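Report on the structure given below.
Throughout, numbering of the chain's residues begins at 1 and tracks the sequence. Whatever order the structure lists ligands and atoms in, that order sets their numbers, starting from 1. Worth saying up front: this structure is predicted, and the values here are computed from it rather than measured.
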Amino acid sequence: MARTDAIVLGAGIVGVSVALHLAKRGLAVALVDRGEPGQGTSYGNAGIIEANTLFPAAFPSSLKSLARIALKQAPEANYHATFLAQVAPWLLAFRRNSAPERLVATMQAMRPLFSRAVSEHQALMAEAGAERYLRHTGWLKLYRRDSSLAATARERAIAAELGLPVRRLDVDAARALEPSLAPVFRHAVFWEQAASVSNPLAVTRAYAARFAALGGVAVTGDARSLRQAGAQWRVDTAQGPIDAEAAVVTLGPWAPDVLAPLGINLPLAVKRGYHRHFRQRGNASLARPILDVDNGYCLAPMEQGIRITTGVEFAPRDAAPTPVQLDRVLTAARDLFPLGDAVEDKPWLGARPCFADSRPVLGRAPGRGGLWLAYGHGHSGLTLGPVTGRLIAEMMTGATPFCDPAPYAAERFG
Ligand SMILES: Cc1cc2nc3c(=O)[nH]c(=O)nc-3n(C[C@H](O)[C@H](O)[C@H](O)COP(=O)(O)OP(=O)(O)OC[C@H]3O[C@@H](n4cnc5c(N)ncnc54)[C@H](O)[C@@H]3O)c2cc1C
């Protein structure tokens, strides 16, 4: 390559969005991945662009829920027993961050990103010709127990204070929105401003194609070859070594593979999750993603079929799949919606890259000039990819960032 201003390592939704935003600002960018764009975690999510998400996923607050998880009876969470000692410090930090006042603090810290999430996607979709994948149909959450709905009262009250449209629906009103749902639930909450996509991979690919159209170069390479070469960062690729003044790590759950050898050890854990597509029976259809809260799974209508996504699994990132949660939720899902046969032979497995305070790390790498970090988007990486791209590009080019990036700095870990 003639001249490269920035190397972006990892072509998931976050890396592609960062690369595209840098290219839009006139930088010569090399986007490096060991595979094709969008085939990592960004491939398999539920497709929800959670513009009005307020509280992040939290540690269970009731002993009953904890006991069910411990006994491996909970659909929303699973774990590999041999992994618990290793992940225990992270879980304790996650529990501390799940205190009610901390959830509000996280909400406030993340609001600038979430509130722009849909418009930033829309802007990229418009220039990438990807608008056909976007649905402005909101997100419907179903509650089978009165107590589960009651637990959302505070979040709904804050939403109302912020002027976010959120509607509590009875069964009939929910079924007026989604006639194929069986009345096996008691309540619903409709988050109207959430959007969703019908094919997350196609969206990432479209953004990658737009990046290429602007002169960006996507190359195959192993990010673990990243090293400093004089004042430059260098990575080995199929096209030979590439040098640039700046490098951005957007490797999602794989970021520690590159950062640990550089002495940067931030406390990332992964929450693994599975999906599988099913055909719908007869004329059944869904217009939006559905969360069956008390059973811990999502039904997301995708081009490939109805995608069931599971809750979280604490296990080593690279351990063999153990998709027991899909088995646990399938009966409840079939009671709710007329699912037919599975589309694939086996489930897909991904790993949400998560910090215990439910914030990504966005900004400069501590102590390493020219190195930037944009990873750890947890449950919301699809949502936050484009807005992350804007923020990082603004910071890297010396523009005024659209929001204060301090809450996302790596330095918060000391
Ligand atoms: C079941 C499930 C459901 C989800 N649902 C939603 C949802 O509805 N909405 C939402 O906003 N988010 C959701 N998420 C979270 C979201 O998918 C992730 O936060 C997001 O995809 C992370 O994107 P990323 O670009 O950081 O990482 P990735 O997409 O994983 O990209 C990292 C890239 O790095 C590359 N890479 C890794 N190692 C190397 C190496 N050594 N050399 C070169 N390249 C390398 C990989 O090939 C990959 O392309 C869900 C996640 C799961 C698992």
Side-chain angles (χ1 to χ4, degrees), residues 7-19 31-51 53 56-57 113-114 117-118 121 139 194-197 200-201 203-205 207-208 218-226 235-238 248-259 261 268 270-276 288-291 296-300 302 307-313 317-318 323 325-326 347-355 358 360-362 373-389:
I7 302 164
V8 178
L9 298 159
I13 186 66
V14 175
V16 169
S17 299
V18 168
L31 175 61
V32 179
D33 201 292
R34 61 188 172 192
E36 295 292 317
Q39 298 278 9
T41 325
S42 301
Y43 171 77
N45 52 62
I48 302 161
I49 303 176
E50 309 176 41
T53 282
L113 302 184
F114 278 113
V118 174
H121 261 292
W139 186 14
S196 62
V197 298
L201 172 63
V203 170
T204 307
R205 278 185 175 157
Y207 294 174
V219 268
T220 307
D222 189 339
R224 291 171 298 183
S225 64
L226 184 74
V235 67
D236 297 330
T237 74
V248 195
V249 174
T250 55
L251 290 158
W254 293 277
D257 296 1
V258 167
L259 296 176
L268 187 83
V270 297
K271 293 183 187 173
R272 305 204 315 174
Y274 299 85
H275 86 218
R276 197 166 185 188
R288 55 184 58 76
I290 307 292
L291 179 66
Y297 68 89
C298 212
L299 289 181
M302 295 286 172
R307 179 178 289 186
I308 299 189
T309 60
T310 67
V312 305
E313 181 180 64
R317 183 190 68 195
D318 302 328
Q325 285 159 284
L326 268 176
W348 171 89
L349 166 63
R352 304 172 182 92
C354 299
F355 289 104
S358 299
V361 165
L362 310 177
L373 308 176
Y375 74 105
H377 292 74
H379 293 250
S380 308
L382 172 71
T383 302
L384 300 174
V387 76
T388 294

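Of the N or O atoms in His379, one or more lie within a sub-3.5 Å distance of an N or O in ligand 1. For ligand 1, none of its N or O atoms has an N or O atom of Gly35 under 3.5 Å away. In terms of polar-atom proximity, defined here as any N/O pair under 3.5 Å, Ala351 makes no such contact with ligand 1. Considering both main-chain and side-chain atoms, Trp254 never comes within under 3.5 Å of ligand 1 through any nitrogen or oxygen pair. In terms of N/O distances under 3.5 Å, ligand 1 is approached by Ile48. When only interatomic distances are considered, the shortest N/O to N/O separation between Gly381 and ligand 1 falls below 3.5 Å. Taking distance alone, with nitrogen or oxygen atoms compared against 3.5 Å, Thr41 approaches ligand 1 more closely than that limit. Checking only distances, Arg352 never comes within under 3.5 Å of ligand 1, N or O to N or O. Residue Asn45 has at least one nitrogen or oxygen atom sitting less than 3.5 Å from a nitrogen or oxygen atom of ligand 1, judged on distance alone. Taking only nitrogen or oxygen atoms, main chain and side chain alike, Ala223 reaches within less than 3.5 Å of ligand 1.
In this structure, Arg352 contributes its side chain and Arg272 its backbone to a donor-acceptor pair below 3.5 Å. In this structure, His379 contributes its side chain and Lys271 its backbone to no donor-acceptor pair below 3.5 Å. Counting only distance, with no hydrogens or angles, the side chain of His275 and the backbone of Gly44 share a donor-acceptor pair below 3.5 Å. Remark: side-chain polar atoms of Ser196 are not paired, donor with acceptor, to backbone N or O of Arg288 under 3.5 angstrom. Side chain of Arg317 to backbone of Ala351: no donor-acceptor contact under 3.5 angstrom is found.
Residue contacts with ligand 1: Asp257 is excluded, as none of its non-hydrogen atoms falls under 4.0 Å.
The nearest pair of heavy atoms linking Thr41 to Trp348 is O-CH2, 3.7 Å. For the pair Leu251 and Leu9, the tightest heavy-atom approach, listed with the atom from each and the gap, is CG-O, 3.3 Å. The minimum heavy-atom distance linking Gly15 with Val8 is given by the pair O-CG1, 3.6 Å. The heavy-atom pair separating Pro200 from Ser42 by the smallest distance is CB-O, 3.5 Å. Taking every heavy atom of both residues into account, Ala255 and Tyr375 meet most closely at CB-CD1, 3.4 Å.
Those atoms of ligand 1 that come under 4.0 Å of a heavy atom in Gly221, given as number and element, are 42 (N), 43 (C). Those atoms of ligand 1 with a heavy atom of Ile13 less than 4.0 angstrom away are 23 (O), 25 (O). Residue contact check: Gly10 has heavy atoms under 4.0 Å from atoms 33 (C), 34 (O) of ligand 1. Contact atoms of ligand 1 toward Gly378: 15 (C), 18 (C), 19 (O) (distance under 4.0 Å to a heavy atom of the residue). In summary, the atoms of ligand 1 found under 4.0 Å from a heavy atom of Leu382, numbered by their order in the structure, are 10 (C), 11 (O), 12 (N), 16 (C). Per-residue contacts place Ser380 under 4.0 angstrom from the following atoms of ligand 1 (heavy atoms of the residue considered): 10 (C), 11 (O), 12 (N). Those atoms of ligand 1 with a heavy atom of Gly252 less than 4.0 angstrom away are 26 (O), 27 (O).
The structure places CG of Asp222 at 7.5 Å from CZ of Arg34, a figure rounded to the nearest 0.5 Å. For the atom pair CG (Leu268) and CG (Leu259), the distance works out to 9.5 Å, reported to the nearest 0.5 Å.
The side chain of Pro253, and not its backbone, has at least one atom closer than 4.0 Å to an atom of ligand 1 (non-hydrogen atoms only; side chain from C-beta on). Residue-level proximity to ligand 1 for His275 is absent, since no heavy atom of it falls below 4.0 angstrom.
Of the candidates Asp33, Val18, Asp222, Asp33 brings a heavy atom nearest to atom 46 (C) of ligand 1. Closest heavy-atom approach to atom 23 (O) of ligand 1 within the set Ser42, Gly12, Gly273: this belongs to Ser42.
Screening Leu113, Leu373, Val14 for a side chain to side chain contact (heavy atoms under 4.5 Å, CB included) with Leu362, the sole residue that qualifies is Leu113.
In the displayed structure, Gln39 atom CD is contacted under 6.0 Å by more than 12 heavy atoms of other residues, nucleotides or ligands.
When only non-hydrogen protein atoms are considered, atom 45 (C) of ligand 1 lies nearest to Leu251 CD2, 3.4 Å. At the top of the distance list for atom 44 (N) of ligand 1, counting protein heavy atoms only, stands Arg34 N, 3.1 Å. Closest to atom 25 (O) of ligand 1 among all protein heavy atoms lies Val14 N, 3.1 Å.
Checked by atom type, the side-chain pair Gln325/Tyr297 shows no donor-acceptor distance below 3.5 Å.
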